[in-house]
Amino acid sequence: MPELPEVETMRRGILGAVGGRLVEVERLACPRKPINLAPRVDAFRRRTTGQDIAAIDRIGKRVVLRLGSGDAIVIEPRMTGLVLTCDPPDPLYLRLRFTVSGAKLREFWYWDRRGLGHVRLLTPAQQLAALGPTKLGPDALTVTAELLRERLGGSRRAIKVALLDQKAVLGIGNLYAAEILFVAGVHPAARCDQLSRPVWRRIADATLAVLEEAILYEGSTLSDGTYRNVLNQDGGYQNQHRVYDKAGEPCGHCGAPIRRIVQAQRATFYCPGCQRRK
DNA sequence: CCCCAGTCCTGCGGGC
DNA sequence: TGCCCGCAGGACTGGG
């Protein structure tokens, strides 16, 4: 499931298209169900064809192609979306083909097995409304202890649930929330309004450490094998996981069996020996 | 403010 | 062995 490190890996994988010109964005006849574009196919094609690719950014878990017109193509992979520059894992789920001229990278694809992802073309005004600071928090790679405490310190929510709130902090999903709290030594059910400054410091430090390390490893490929980098290779961070999807296995630090609980209808993994409530 | 359940969607694994 | 159900969860929505 693409979270910040996986999406950052996608972004870096297609940076070779920057400075080029979008020849075409073609919606492929995916036999399951062609991707829903916004706006619809004709307008999407008209407003993207021939546009310069000025930059490729990441906003949280989305890849953003900045076009010369000021419009932005926003790719939101959600659970199973992938950006690929080579043959796909399974051509059945290819949804879009991007063709580029005048740059090193000539072609890339959007692939999505389950089809929960979205690709949207947004005007500058729409970008501000949908992706601006009122909708989305600061990027997780920029967090500090003060910023986390400011945004979450008054909340009665459990810290693990709050870390998933994209209005609070941007880019953390279920997997990395678990890993971050393990590294910080914080119990996932600890209430935000009961955490001290030193604990916020540990959470901020762990957030940067875990996400930056995961980017170096090009993200996590889980046992279902869905996430791949743009070259259709496995990521490497799954081998560094401390708790995610390890229920019953001994903690690598203290040996206690890793626990699985459910918070806000999502699985949470943690070590009862290493992670305390305060 | 915050929580919860439902929605989208497909593949896989557990259980019978 | 084979089939079916439920689970996986990112983002969003509507109701409490």
Side-chain angles (χ1 to χ4, degrees), chain A residues 1-10 28 30-38 58-64 74-83 88-96 110-120 122 126-127 129-132 134-137 139-140 150-181 188-194 211 214 219-228 238 241 243-248 258 260-269:
Chain A
M1 57 201 118
E3 304 181 24
L4 189 152
E6 290 77 22
V7 176
E8 177 62 20
T9 303
M10 294 177 194
L28 301 171
C30 177
R32 301 284 167 160
K33 180 172 155 258
I35 191 170
N36 287 323
L37 288 178
R58 178 185 55 77
I59 298 182
K61 303 173 193 173
R62 299 158 166 107
V63 176
V64 179
V74 179
I75 301 172
E76 187 178 322
R78 299 221 181 167
M79 295 300 293
T80 54
L82 289 184
V83 173
D90 185 342
L92 191 60
Y93 307 111
L94 281 176
R95 310 279 176 160
L96 290 172
Y110 178 67
W111 179 98
D112 193 342
R113 173 152 58 72
R114 283 168 65 180
L116 298 179
H118 293 290
V119 176
R120 291 177 293 168
L122 302 183
Q126 289 171 325
Q127 292 167 45
L131 307 173
T134 56
K135 282 279 191 174
L136 302 175
D139 192 81
E150 227 168 77
R151 302 186 71 89
L152 296 174
S155 170
R156 300 163 57 88
R157 284 184 291 181
I159 179 62
K160 191 272 188 166
V161 176
L163 285 178
L164 299 181
D165 181 353
Q166 304 297 297
K167 287 191 289 298
V169 188
L170 201 48
I172 299 172
N174 206 44
L175 190 162
Y176 290 101
E179 295 297 317
I180 287 166
L181 289 176
R191 265 172 55 162
C192 289
D193 61 0
Q194 294 178 352
L211 295 179
S220 301
T221 297
L222 301 181
S223 53
D224 69 1
T226 294
Y227 169 74
R228 327 276 295 167
Q238 63 281 359
H241 290 176
V243 289
Y244 184 79
D245 209 17
K246 290 184 181 291
I258 302 299
R260 178 189 191 275
I261 57 173
V262 174
Q263 293 178 285
Q265 300 147 274
R266 301 212 179 119
T268 298
F269 300 91

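Lettering of chains follows the sequences in order, A, B, ..., and the numbering in each one begins at 1. If you're wondering where the values come from, they're calculated on a predicted model, not measured in any experiment.
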From the candidates B/dC8, B/dC2, C/dA11, the one with an atom nearest any side-chain atom of A/S155 is B/dC2
Expressed in angstrom and rounded to an integer, what is the separation of [X] atom [atom1] from [N] atom [atom2]?
| X | N | atom1 | atom2 | result |
| --- | --- | --- | --- | --- |
| A/Q263 | C/dG10 | CD | P | 13 Å |
| A/R114 | B/dT7 | CZ | P | 15 Å |
| A/E76 | B/dC9 | CD | P | 15 Å |
| A/R78 | C/dG10 | CZ | P | 11 Å |
| A/D245 | B/dG13 | CG | C1' | 12 Å |
| A/L222 | C/dG9 | CG | C1' | 11 Å |
| A/K61 | C/dC12 | NZ | C1' | 13 Å |
| A/Q166 | C/dG10 | CD | P | 8 Å |

Scan side-chain atoms only and decide if A/E3 and A/Y227 contain a donor-acceptor pair under the 3.5 Å cut-off.
no
Under 4.0 Å between a side-chain nitrogen and a carboxylate oxygen: does that hold for A/D112 and A/R78?
no
If you find the nucleotide of DNA chain C closest to A/K135 and the one closest to A/L116, which residue's nucleotide is nearer the 5' end?
A/L116
Does A/Q166 reach the main-chain N or O of A/L164 with its side chain, forming a donor-acceptor pair under 3.5 Å?
yes
So what is the 5' to 3' dot-bracket string for DNA chain C, if pairs are Watson-Crick or G-U wobble with both distances under 3.5 Å, crossing pairs use [ ] and | means the partner sits on another strand?
.|||||||||||||||
So what does [X] touch, heavy atoms closer than 4.0 Å: a base, only the sugar-phosphate, or nothing?
| X | answer |
| --- | --- |
| A/Y244 | sugar-phosphate |
| A/R266 | base |
| A/T80 | nothing |

Can you tell me how far OG1 of A/T268 sits from OH of A/Y244, rounded to the nearest 0.5 angstrom?
10.0 Å
Enter the distance from A/L152:CG to A/R157:CZ here, rounded to the nearest 0.5 Å.
6.5 Å
Return the 5'-most residue of the pair A/G115, A/A264 with respect to DNA chain B, ranking by each residue's nearest nucleotide.
A/A264
Of A/D165 and A/Q265, whose closest DNA chain B nucleotide lies nearer the 5' terminus?
A/D165
For a side-chain contact (heavy atoms from CB on, under 4.5 Å) check, start with the C-alpha distance between A/I59 and A/Q127, then their side-chain angles and the critical distance, and finish with the verdict.
CA-CA 11 Å; A/I59 298 182; A/Q127 292 167 45; over 6 Å; no
Hey, does A/L222 have a side-chain heavy atom less than 4.5 Å from the side chain of A/H241?
yes
